[in-house]
**Student:** 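The structure is given below, and queries will be raised subsequently.
Quick note: residue numbers are just sequence positions, from 1. Only a predicted model underlies this, so the values are computations on that prediction, with no experimental measurement involved. Any value given below was found using the heavy atoms of this structure, including those in side chains, with hydrogens, waters and symmetry copies removed.
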Amino acid sequence: SEAPPGATPVSFGREGYQIGGAVFFRKGSSYVQILPANFDGTDTDVALTIAARLAERIATHGKPPQETGDSPTQTDAPDEQ
């Protein structure tokens with residue numbers, strides 16, 4: 001989805017942005033929303049930390065970022081099953 005006016009881009013996943021303390025991004029076939037309890041911006045750092053850690057853990061089935069459309073700086077290990 002397209003970021004709304006006033007959104008700040010994030011450096012992980014694809015189409016990622018932060019607005020009002022919430023973080024949204026896509027990674028592989030997943031769409032992630034981190035919605036803080038307080039939308040006044042006090043939980044901004046916590047939401048970003050959670051989102052970044054989730055982005056690291058979401059599997060892309062071993063596909064390189066170029067194939068998934070994710071950030072070219074994000075590296076992914078193949079799924080362990």
**Student:** Which distance, rounded to the nearest 0.5 Å, do you find between the CG of L48 and the CD of Q18?
**Tutor:**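 Taking CG in L48 and CD in Q18, the distance rounds to 4.0 Å.
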**Student:** Could you tell me which residues satisfy side chain to side chain contact (heavy atoms under 4.5 Å, CB included) with A22, sequence neighbours excluded, listed by chain and number?
**Tutor:** F24, L35, P36, F39
**Student:** By the definition side-chain contact (heavy atoms from CB on, under 4.5 Å), identify the one residue from V23, T49, D43, V46 that meets it with I34.
**Tutor:** V23
**Student:** Would you please name every residue forming a side chain to side chain contact (heavy atoms under 4.5 Å, CB included) with P4, sequence neighbours left out?
**Tutor:**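 Residues passing side chain to side chain contact (heavy atoms under 4.5 Å, CB included) with P4: A7, Y17, I19.
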**Student:** Mind listing the closest non-hydrogen atom pair of A47 and G21 along with its distance?
**Tutor:**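 Shortest heavy-atom separation between A47 and G21 comes out as CB-O, 3.2 Å.
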**Student:** Look only at the side chain of K27 and the backbone of A55, and say whether a donor-acceptor pair between them is shorter than 3.5 Å.
**Tutor:** yes
**Student:** Taking C-beta and beyond as the side chain, do V32 and R26 meet within less than 4.5 Å on heavy atoms?
**Tutor:**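 No. Closest side-chain heavy atoms not under 4.5 Å.
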**Student:** Let me confirm one number: the CZ-CD distance from F25 to E15, rounded to the nearest 0.5 Å.
**Tutor:**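 Separation between the atoms: 12.0 Å.
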